[in-house]
Each structure stands twice: as C-alpha cells, then as structure tokens.
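Working notes for the structure below.
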Amino acid sequence: MKRLFSLFLCLSFSLAALPCAATADFASKEDFAQWFAGYHRRPEPARVSGAFRYAVASGWLESPGIFSGFNGFLAGVFRDNPEKVPGWQTEWSALDKAVADKEEDEEDDAEDDKAMMWREGMVFFALWYAERPELRQMARAMSEKNENLKSLADMIQNYHDDARSLEEIPLNQGEWVVRALWGKFYATGEVATLERTLQALPWEENPALAKYGNQPLGMIFAPQLIGRTAHWMLSDAAYLNPRMLELCETFLEQTQDPAIAKALREIIAEVKKAKAAAQK
C-alpha cells in the first residue's frame with residue numbers, strides 16, 4: 001500500500017521542519033500538532049492567536065503547502081469568530097516587526113519582506129474565503145493599501161471564478177486547494193468540506209477526468225498530484241482516527257460515482273490492512 005504519512009506530513013506540515021524550541025504558546029511541536037488536529041472537536045479560539053505566533057516564530061508559514069493548509073484553517077476560524085478578527089489582525093501585524101528585529105543579523109531585508117508577504121497573504125486569503133461579507137470587505141481594504149495583495153486579489157478573481165467559499169474553488173487549480181479544504185475541516189469539522197475533496201480521488205489513476213473549466217492555456221495543474229494528495233490525506237486521517245474510517249465507509253455508501261467508489265474502496269482496504277499489520 002502507499003506509505004501512510006503522518007497527518008501533518010500529508011498537509012506539508014512537517015513536524016521535523018519545526019525548530020525544537022517552542023514559544024510560550026505551546027509546550028512543544030507535538031502539542032501544537034495535537035491542538036491543530038483536534039481543534040474541530042474542541043474549538044479554542046482563545047489559542048488561535050498563539051498558534052499563529054507559533055507558526056510565525058518557527059518559520060512554518062514560508063512554505064506554500066503550509067500556507068494553504070493553515071490558510072484553510074484560518075478561513076474556518078474567521079468565519080466562526082468574526083468578532084475576534086480585528087483584534088487578531090492588530091496583534092499579528094505587530095509580529096512582522098518583532099520577527100524582523102529578532103532576525104536582523106540572520107536575514108536581509110529581502111527575506112524579511114518575503115516572509116511578511118506570506119503572512120499578509122495568508123490573512124488576506126483567509127479573510128476573503130471566510131464567507132462573511134464584512135470580512136471580505138476587510139480583505140479588499142487590505143489590498144487597497146498593499147500592491148502585493150492587490151495582485152493576489154486580481155489572481156483570485158481571474159482564476160477562482162470569484163468563489164465565495166473554499167468549497168467553490170475549482171479543485172483543478174492545484175493540490176493546494178485540497179490542503180486548504182482539509183485545513184478548514186480541522187477548524188470546523190464540517191463533513192461537506194471533506195466531501196468536496198472526494199471529487200479529486202479518481203484523478204490519481206485517470207487524470208483525464210479532471211475538468212479544467214475556463215482556465216487559460218498554460219494554467220493546467222497536475223491532476224495526478226491533486227488526486228494523490230486527496231488520497232494520502234484521507235487514508236492517513238482514516239488510519240489515525242476511527243471516525244474518519246467510518247466517514248470513508250459512509251462516503252462509499254452514499255456516492256453515485258463509480259470512480260470515487262473505487263478509490264474509496266481502495267483507501268478503506270489499505271487502511272484496514274495497515275491497522276491489522278500494526279496489531280501483530
């Protein structure tokens with residue numbers, strides 16, 4: 001069977017990439033990982049700001065894969081806690097100066113600017129897809145003051161068909177969409193978010209099933225990678241969490257798509273085989 005990655009490796013949230021030293025917000029990187037994966041079961045919005053500080057201090061947010069998953073998580077948290085967003089924004093904007101001051105002997109200004117762009121882009125994207133008009137307006141206000149964010153806003157409107165939620169973004173935009181959807185699931189626990197990723201499962205074996213919609217020539221992304229990412233993340237979650245395996249079986253019972261059913265049967269079989277082997 002395919003290698004069962006840890007849940008966070010599948011999200012490109014490699015724990016090994018995090019520094020050993022933790023901020024005061026979390027006791028360790030394992031503590032942070034467990035909190036993130038379990039947030040939808042026990043939401044703790046009071047710790048979200050600390051989680052963002054942890055991710056910034058670790059340098060975690062500078063990876064595109066991490067950007068996508070944590071971004072989806074923030075979009076879900078923002079949607080459910082809109083009254084807290086202005087305070088979080090004010091607090092997080094101060095992080096850029098703090099990080100730059102701390103690293104001034106280690107990184108040049110260009111690197112500081114790049115890191116700042118990632119952090120601002122993540123917040124902007126999460127605001128845009130938080131499914132609340134007032135938060136999208138906040139994102140627009142950010143883009144009016146920042147040329148980089150204006151370019152991001154233009155790209156979103158050009159290639160995402162002005163989707164109102166993460167679930168409406170075409171999956172063929174790239175595997176980052178799958179990661180973002182899983183990040184949102186960890187924030188909200190909404191099964192519909194996972195159901196959206198099922199559509200990409202058949203692409204791993206048959207990329208011709210991916211529909212490219214109105215994407216311009218040259219903007220076609222690897223459908224096999226998108227399908228493989230959806231497979232890895234679902235199988236890994238099902239291996240680690242019995243509830244997720246039950247969800248896979250429920251999805252299998254409900255789907256009317258033969259290709260999705262085939263992929264789900266394979267995932268269920270490989271997870272059960274791996275569990276049986278682990279018990280020997």
Side-chain angles (χ1 to χ4, degrees), residues 7-8 10-13 32 35-56 60-61 63-93 95 117-143 146 149 152-153 155-157 159-171 173-197 200 229-230 233 237:
L7 188 57
F8 290 91
C10 284
L11 279 167
S12 289
F13 291 175
F32 178 81
W35 175 85
F36 183 92
Y39 183 92
H40 63 288
R41 294 190 296 272
R42 185 183 177 185
E44 292 184 299
R47 298 191 72 189
V48 168
S49 193
F52 193 86
R53 285 195 301 268
Y54 187 97
V56 169
W60 227 29
L61 302 185
S63 161
I66 294 170
F67 177 95
S68 304
F70 202 75
N71 203 344
F73 176 80
L74 285 182
V77 171
F78 284 1
R79 187 200 66 188
D80 294 343
N81 302 274
E83 75 286 351
K84 298 182 182 298
V85 173
W88 285 337
Q89 268 201 302
T90 299
E91 182 178 349
W92 294 342
S93 65
L95 288 175
M117 182 181 69
W118 276 115
R119 291 189 289 274
E120 290 178 340
M122 171 171 287
V123 172
F124 171 86
F125 199 92
L127 287 170
W128 191 269
Y129 287 113
E131 302 171 54
R132 290 186 177 271
E134 70 274 22
L135 297 185
R136 180 164 284 199
Q137 184 56 42
M138 193 179 294
R140 289 194 177 98
M142 288 178 65
S143 68
N146 185 309
L149 295 182
L152 179 57
M155 181 188 73
I156 286 173
Q157 292 181 331
Y159 298 125
H160 301 179
D161 297 325
D162 200 25
R164 291 166 295 181
S165 68
L166 291 176
E167 288 84 353
E168 294 180 10
I169 299 176
L171 289 174
Q173 288 289 312
E175 50 90 26
W176 66 268
V177 182
V178 174
R179 298 179 189 276
L181 288 168
W182 271 84
K184 183 178 179 180
F185 170 76
Y186 289 129
T188 67
E190 294 174 354
V191 174
T193 302
L194 295 189
E195 289 179 318
R196 175 68 174 137
T197 70
T229 299
M233 297 174 81

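If you read the sequence from its start, that first residue is 1, and numbering goes on from there.
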Residue pair Gly76 / Lys184: nearest heavy atoms and the distance that separates them: CA-CG, 4.3 Å
Apply side-chain contact (heavy atoms from CB on, under 4.5 Å) to Val85 and Leu127, showing your working. CA-CA 9 Å; Val85 173; Leu127 287 170; 3.5 Å; yes
Trp88 and Pro45: which non-hydrogen atoms are nearest, and at how many Å? CZ2-O, 3.4 Å
Should Trp128 and Leu152 be marked as a side-chain contact (heavy atoms from CB on, under 4.5 Å) after you check the CA-CA gap, both sets of side-chain angles, and the distance that decides it? CA-CA 11 Å; Trp128 191 269; Leu152 179 57; over 6 Å; no
Looking at every heavy atom in both Ala187 and Phe73, which two are closest together, and how far apart are they? CB-O, 3.3 Å
Which atom names give the shortest non-hydrogen contact between Tyr129 and Ala163, and what distance separates them? CE2-O, 3.1 Å
Quick check on the 6.0 Å ring-centre criterion: do Trp176 and Phe125 meet it? yes
Would you please classify the geometry between the Trp182 ring and the Tyr186 ring as parallel, tilted or perpendicular, with 30° and 60° separating the classes? tilted
Arg79 vs Thr188, side-chain contact (heavy atoms from CB on, under 4.5 Å): CA-CA, chis, key distance, verdict: CA-CA 9 Å; Arg79 187 200 66 188; Thr188 67; 3.6 Å; yes
Do you know which two heavy atoms are closest between Ala230 and Thr197, and how far apart they sit? CB-O, 3.8 Å
Asn81 side chain vs Lys84 backbone, donor-acceptor pair below 3.5 Å: no
If I take atom CD from residue Glu131 and atom CZ from residue Arg164, how far apart are they, to the nearest 0.5 angstrom? 9.5 Å
About how many Å separate CD of Glu134 and CD of Glu83, when rounded to the nearest 0.5 Å? 10.0 Å
Would you call the rings of Phe185 and His40 parallel, tilted or perpendicular, taking 30° and 60° as the class edges? tilted
Between Glu91 and Phe52, is a side-chain contact (heavy atoms from CB on, under 4.5 Å) present by the stated rule, with each step listed? CA-CA 10 Å; Glu91 182 178 349; Phe52 193 86; over 6 Å; no
CD of Glu120 to CG of Leu149: how many Å apart, nearest 0.5 Å? 5.5 Å
Looking at every non-hydrogen atom in both residues, tell me the closest pair between Ile169 and Arg196 and how far apart they are. O-NH2, 3.1 Å
Output the distance between atom OG (Ser68) and atom CE (Met122), rounded to the nearest 0.5 Å. 7.5 Å
Quick one: does any side-chain atom of Thr90 pair with a main-chain N or O of Pro86 as donor and acceptor, under 3.5 Å? yes
dist Phe124:CZ -> Arg136:CZ (nearest 0.5 Å) comes out at 8.5 Å
Distance from Leu181 atom CG to Glu190 atom CD, nearest 0.5 Å? 11.0 Å
